[in-house]
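Take a look at the structure below.
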Amino acid sequence: MANANNVETVKCCAPASLVDTCCQDPINKTDLFSMIKMNCTYTNCDQSGFMHPECFSDTESYLVKFLKS
């Protein structure tokens, strides 16, 4: 996917079932250094592997609460 400036983008891989507040902004491939890299263990995963920092924080908070319960 490319935007109007011809910069390649990827979609945030935050799970919609856990993060309902994702801004849905495309992630420019030139800005990947400021994103969170996720490594999926599912061999057929088709997600980008990158999350907005806010989405990662929301996912992490959800998982910590889940593990505490």
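The figures here come from the full heavy-atom set of this structure, side chains too, leaving out hydrogens, waters and symmetry mates. Along the sequence shown, the residues carry numbers beginning at 1.
No side-chain heavy atom of Leu18 sits under 4.5 Å from any side-chain heavy atom of Asp58. Counting only heavy atoms from C-beta outward, the side chains of Glu8 and Asn28 never approach each other to under 4.5 Å.
Among all heavy-atom pairs drawn from Thr9 and Pro26, the shortest one is CB-CB, 3.8 Å. Minimum heavy-atom separation, Ile27 to Cys12: CD1-CA, 3.9 Å.
Among residues two or more places apart in sequence or in another chain, the side chain to side chain contact (heavy atoms under 4.5 Å, CB included) test is passed with Ser34 by Asp31. Looking at residues two or more places apart in sequence or on another chain, you find no side chain to side chain contact (heavy atoms under 4.5 Å, CB included) involving Thr43.
Grouped with Tyr42 in a hydrophobic cluster is no other residue, since no side-chain heavy-atom contact under 4.5 Å to another Ile, Leu, Val, Met, Phe, Trp or Tyr is found.
For the atom pair CE (Met38) and CZ (Phe56), the distance works out to 5.5 Å, reported to the nearest 0.5 Å.
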Side-chain donor-acceptor contacts of residues 61-69 below 3.5 Å, not counting sequence neighbours, with atom names and distances?
from	atom 1	to	atom 2	distance (Å)
Ser61	OG	Ser57	O	3.0
Ser69	OG	Phe66	O	2.8

Tabulate below the donor-acceptor pairs under 3.5 Å that side-chain atoms of residues 44-53 make, not counting sequence neighbours, or state none.
from	atom 1	to	atom 2	distance (Å)
Ser48	OG	Lys11	O	2.5
Ser48	OG	Phe50	N	3.2
Ser48	OG	Phe50	O	3.4
His52	NE2	Asp25	O	3.0

